[in-house]
Every structure is written in structure tokens, then in C-alpha cells.
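Let me begin by presenting the structure, written as C-alpha cells, before commenting on it.
A note on names: the letters A, B, ... follow the listed sequences, proteins ahead of strands, and every chain is numbered from 1.
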Amino acid sequence: MPSEGFVTSIARQSEDFPGWYNDVVLKAELADYSPVRGCMIIRPYGYAMWESMQAELDGHIKRTGHSNVYFPLFVPKSLLEKEAEHVEGFNPQVAWVTHAGGKALDEWLAIRPTSEAIIADSVKDWIQSYRDLPLLMNLWNNVVRWELRTRLFLRTTEFLWQEAHTFHATEKEAADEVATGLECYRLVSEDWLAIPVIKGRKTDAEKFPGADWTWCIEAMMRDKKALQAGTSHMLGQNFAKAAGIEFLDRDNVRKNPYGTSWGFSTRMVGATIMAHGDDSGLVLPPNVAPVQVVVVPIFRKEEERAAVAAAIDRLKESLAETPDGRAVRVHVDWREDSPGFKYNHWELRGVPFRLEIGPRDVAAGQAMVVKRVDRSKEAVPLDRLAAELPARLRDYQAELFKRASDFREANTHRVDTYQELRDGLDGEGGFFLAPWCGDGKCEKQVSAETGATIRCIPFDSPDETGKCIVCGVSSERRALFARAY
RNA sequence: CGGGGUGUGGCCUAGUUGGUAAGGCGCGUGCUUUGGGAGCACGAGAUCGUGGGUUCAAGUCCCGCCACCCCGACCA
């Protein structure tokens, strides 16, 4: 691969993946460090990506019957402590407000690490009858978890997310809701972000503290490590019992409702970067790309500039009324920098298509169309661009999804012995499907010895008797092992 | 919390036996430029992380503190 002239200001992905990731986030101006340790400032280009996936997910959430609500940032200590497993799981990560108004508070306030506790307490008066159920709510907010080791987007002390909280009369209905939430996440990941995901169930060691069980979607990044892209939890009656939520059912018996919660965060911006990016920087799926097409004008003399500008103006007008009615997000880069500078600038930012329009193109009535993902170059008549670009963007979106799917496929391996797993992890890496007996001790041994964890027990793996790679006891399914973020 | 390291314009770095801070990138203005990171000229921008100490004199030497980075531990 020739590297002359192409983006060189960032670390090479193949040589230093963490360094590459950091360079991309900072130099593509997605985010910046903040004065507060572990927190991040999300800049316009990065926030536009978040808004895009946020809008898409919000649509799915509303289509499935949920309403947006808001609950406070502060959670009284006594409420957070009501559910025993929950408080134990979160305590080390909670930031506390101990003083306000110039004096010590009688009761400390937790800055929400998540809202199960305060919601359970608040809704207990709203739920009196089975007729009040299901209660389907969603919050878009920020949460704080005091992390020791942070990385921009992937794990920050404060992050933005959505947390859905629902209450149901029956366990079955709540279990269906867990699936509904997870499906919303799959749709956004695969159809919007072009990131293929594996649905599965978390092991007890990895589940949410306070949940009966947790489902998740897991994705593979380009360094072959796994990233948890969303989780959906069956809370059972745990929080309802802790908060004393009861309703009178059809049979005139007082019962505790079943709860669920599910969350999707700004971490997905990081996932999008790491699932598609390359040595030149970001590679964005058109759906989330703040700029889908960038136009780089090329000219020497003033009359050339005028001719190029006229052609670009006509093109912009035609793009405003594309066949599918959806406007293409076009940016024309009229800055005074050289064309080469602009190519690098927009490649680093992952813009799917670049149109080069110079005197030769204007004379030929065409534009050079360059595809970011493979740098392929093609002359396209100017009067056909408006008709073709939407389709090209759709194809590009599909191509990225296929590329990511093929990559995951090629790096997912079935192994039947512990030694094969270790060799695989130390060698090429990737996802490993291996028989596991279900015992937490075997799981823990693998993570202690290899650094890999069980990401999930995939739903689509068929029942298959085998022998646990650690203890040899018979197993019914394969678990997905991988090193993870 | 243990081990190691680093703090000098927005960024990267130089700074000798202590003598009052230098270069590159970037930024501003002007002119020339523009098909893969353009050139020249002029210019703006630093209480050298912080507090103390030694000294006629500290970016430099000594002590304390703080922040950040790496490794380990920890991490719904």
C-alpha cells in the first residue's frame, strides 16, 4: 500500500491500535479531554454522530410503545441501598454529594450511576392495579461511574446514554420486553451503524447487579477484540420488592410487578470508530456520517474558479431534490488550503464520498467520485450524480456491513480444548466458541489465565453436547470467549 | 493503592558547567499558489505544573505538593 501523501499524522492501526484510536478521536475532532479526570468533551463532529444514532434509537423506542421521561440526577443514599446486590455492585463506582448550600448534607446524594433505584421508589405510587401496567418509560440522560481506567467514548467517568425502565404484571411479559429492548439495539447497530452483533445471554459473573439475568449484543472491533454494544436486563421482582411496589391483579391478589431495564451509550460512537476505521482514520457508515459527500473544488485562475463554482452550485441544487426525497448531506470545502490537504482532512474524518471537481471535469461535465473505504475513483457525469448518490450511499452502507460481517466471520473460531483457546488468543486473536459447563469457577480460571472473558452465550448457537474446555464436564452449548473492551 | 516515568506558547520538542527561553507544526496579515498534507515575507503568542529553599542570579540544583502517562491491582 502506498502511504505517500495519505494521512500520516495518526498512528498506524495495525501497529498501535490504542494509539490509533486516540489519534482518530482527537484529530478528527470527535472529542477532547476535559479538566475533570476521566471525563470528556464531545465536539460538534462527534456529537453529530451521537445525535444520529440517538434519533434512530429513539424512533425504535417510541415505535415499541415507550415514552420519554426524566428522573433526577441525585439519588438519596437510602434509596440506592435498598436493593442489596445492586448497592454492592455499584458502591465502588458511585460519586457522592456530601455538601451543598455551604453545609454538610444530612443524607448523602449519589450522582446516579443508573436510575433503577430512584425510579422504583418513584413509581410505587403510580402502580396500584394491573390496569396501570405495563409502564414503559425511557430516559435520555447522563450518568457517572467512577472508573479507574478511562478511554474516550469507550469508558468515561460521565457518559450519555438512554436507559429504559419498564414494569409488567407477569414474568413472561417482562421477559418479552427484555427481548424487545435488545432488538432495538440490534437494529441500530446493524442497520444504522453497520456493525454486526451477536445476541446472547451474559453469565452470572457478567450480569447487571440487581438483575436476575442479562442479555446483550457483542460486536467485534478491527483489532478482533469484543465490545459490549448494549445490554438488556430482567430485573425480576428485585427492585419492586425492595421499593415496595405492589399492584392488585385480576385475581384480587396483591403482587410485585416484574421490571426490566436496558441501556445504550456514547460508547457506541467508539464502537463505530473501531469497527470500521483504517490507517487513514475514520470510515463512517453514511447513515451516521455528519457529512456524507464532500466536494473539493480545484482551480488555478479566477475564471476556472468561477466555472467550477457554477458547476458546484448546479450540483447542490439538484441534490436538494433526490429521488428518495431525503437530502444528501453535502459539504463544499472552499477553504484556501490545497486539494491534497483537503483529501487528507476529510479522509481522516471518514466522509464516505469525495467529489473532485476541477476545470477538466467541468469541461467534461463530470466529477471524480472517490470512495473513502477503498479509495476507488470513478468519473460520473454531473447530471447523474443527484440520481445516483442516494443509491451509492445505500450501497456503501451495505458494503461496510458486509465488510464487518466478513471480518468477524473470518476471525471467529470453534475450539474444543483449552489449549486451542489459549493458542488462538495468543496468536491471531478473535472470537472463540467453546464448550463451557456453566460453572463460574471454570469461567474465572479462563479469565485469570488468558485475559479473555465469556462475552455471552449466543442465542443462535445450536444445542450441542460437548465437554467443558476447562473441567471436562459435559456441556450443552458453546460460550463466546474473547478479550474485550 | 504499589512500581516506573513525564510536566517549557494551542501541539511536538531543544535548552550546555545555573546568566533572564529557542525551533518546528499550528495561528494572523499580505503576495504568489491549488488534480494527494504549497512557498515566501512580516507578525502574535510562555508568569517554564505548583509552593518553598539554595544563590548576586534557577527552566536548570534541593525539598514538598499537584496533574498526567505507562505497568500492576481494580473495573454494571
Original post:
Quick one: is the NZ or CZ of Lys199(A) closer than 6.0 Å to the six-membered ring centre of Phe459(A), and within 45° of its axis?
Top reply: no
**OP:** Write down the distance separating the P atoms in C75(B) and C65(B), rounded off to the nearest Å.
**Re:** 29 Å
Subject >> Pairwise C1' distance for G35(B) and U29(B), with rounding to whole Å >> reply: 28 Å
Original post:
Out of His165(A), Gln162(A), Glu177(A), which residue meets the side-chain hydrogen bond (donor to acceptor under 3.5 Å, both in side chains) rule with His66(A)?
Top reply: Glu177(A)
**OP:** Would you kindly check whether a donor in the side chain of Asp361(A) faces an acceptor in the base of G35(B), or vice versa, at under 3.5 angstrom?
**Re:** yes
**OP:** Take atom C1' in U60(B) and the same atom in G28(B), then report the distance between them in whole Å.
**Re:** 33 Å
Original post:
Only one of Thr150(A), Leu26(A), Ile41(A) clears side-chain contact (heavy atoms from CB on, under 4.5 Å) with Tyr33(A); which?
Top reply: Leu26(A)
Subject >> Whole-Å C1' distance, U13(B) and C48(B) >> reply: 14 Å
Original post:
Can you tell me how far the CZ atom of Arg112(A) sits from the CG atom of Leu73(A), to the nearest 0.5 Å?
Top reply: 5.0 Å
Original post:
Quick one: Leu227(A) CG to C75(B) P, roughly how many Å, whole number?
Top reply: 19 Å
Original post:
So, does the side chain of Ser338(A) form a donor-acceptor pair with the base of G35(B) at under 3.5 Å?
Top reply: no
Subject >> Separation between the C1' atoms of C11(B) and G7(B), rounded to whole Å >> reply: 15 Å
**OP:** With P as the reference atom in both, quote the distance from A21(B) to G45(B) in angstrom, rounded to an integer.
**Re:** 14 Å
Original post:
Rounded to the Å, how far apart are Arg335(A) CZ and G26(B) C1'?
Top reply: 13 Å
Original post:
Which of parallel (below 30°), tilted (30 to 60°) and perpendicular (above 60°) describes Phe239(A) and His86(A)?
Top reply: perpendicular
Original post:
Taking the same atom, C1', in A58(B) and in G18(B), what whole-Å distance lies between them?
Top reply: 6 Å
**OP:** Please round to the nearest 0.5 Å and tell me the distance separating atom CD of Glu303(A) and atom CZ of Arg300(A).
**Re:** 12.5 Å
Original post:
Using 30° and 60° as the class limits, which term best fits the ring planes of Trp334(A) and Phe299(A): parallel, tilted or perpendicular?
Top reply: tilted
Original post:
Which nucleotide in the set G36(B), C75(B), G35(B) lies at the smallest distance from any side-chain heavy atom of Ile298(A)?
Top reply: G35(B)
Original post:
Which pairs with one or both residues in residues 208-222 of chain A pass side chain to side chain donor-acceptor pair (under 3.5 Å), sequence neighbours excluded?
Top reply: Lys202(A)-Glu218(A), Asp212(A)-Asn238(A), Thr214(A)-His233(A), Glu218(A)-Arg455(A)
**OP:** Find the distance Phe341(A):CZ to C25(B):P and express it as a whole number of Å.
**Re:** 13 Å
Subject >> d(CD, Glu336(A); P, U34(B)) in whole Å >> reply: 13 Å
Original post:
If you check the Arg354(A) side chain, which of G37(B), G35(B), G36(B) turns out closest?
Top reply: G36(B)
I'd like a list of close polar pairs between nucleotides 68-71 of chain B and the protein, N/O only, cut-off under 3.5 Å.
unit_1	atom_1	unit_2	atom_2	d
C71(B)	OP2	Arg149(A)	NH2	2.4

Original post:
With a cut-off of under 6.0 Å to the ring centre and 45° to the axis, is Arg43(A) in cation-pi contact with Tyr47(A)?
Top reply: no
Subject >> Euclidean distance, atom CD of residue Glu88(A) to atom C1' of C74(B) [Å, nearest integer] >> reply: 15 Å
Subject >> Contact nearer the 5' end of RNA chain B, comparing Phe299(A) with His233(A) >> reply: Phe299(A)
Original post:
G36(B) P sits how many Å from Leu348(A) CG, rounded?
Top reply: 19 Å
**OP:** With C1' as the reference atom in both, quote the distance from G72(B) to U47(B) in angstrom, rounded to an integer.
**Re:** 39 Å
Original post:
Where the side chain of Val7(A) is concerned, which of G35(B), G37(B), U34(B) is the nearest nucleotide?
Top reply: G37(B)
Subject >> Selected nucleotide, minimal atom distance to Glu356(A) side chain, candidates G35(B), U34(B), G36(B) >> reply: G35(B)
Subject >> Residue His345(A), side-chain atoms from C-beta onward, closest of G37(B), C75(B), G35(B) >> reply: G37(B)
Original post:
Would you call Glu116(A) and Lys82(A) a salt bridge, using N to O less than 4.0 angstrom?
Top reply: no
Original post:
Relative to the ring of Trp140(A), is the ring of Trp50(A) parallel (under 30°), tilted (30 to 60°) or perpendicular (over 60°)?
Top reply: perpendicular
Subject >> Value in whole Å for how far the P atom of C12(B) lies from CG of Leu26(A) >> reply: 11 Å
**OP:** Taking Watson-Crick and G-U wobble pairs with both distances under 3.5 Å, convert RNA chain B into its dot-bracket string, 5' to 3', dots for unpaired and | for cross-strand pairs.
**Re:** (((((((..((((.....[..)))).((((((.....)))))).....(((((..]....))))))))))))....
Original post:
Whole-Å distance between G39(B) C1' and Asp337(A) CG?
Top reply: 14 Å
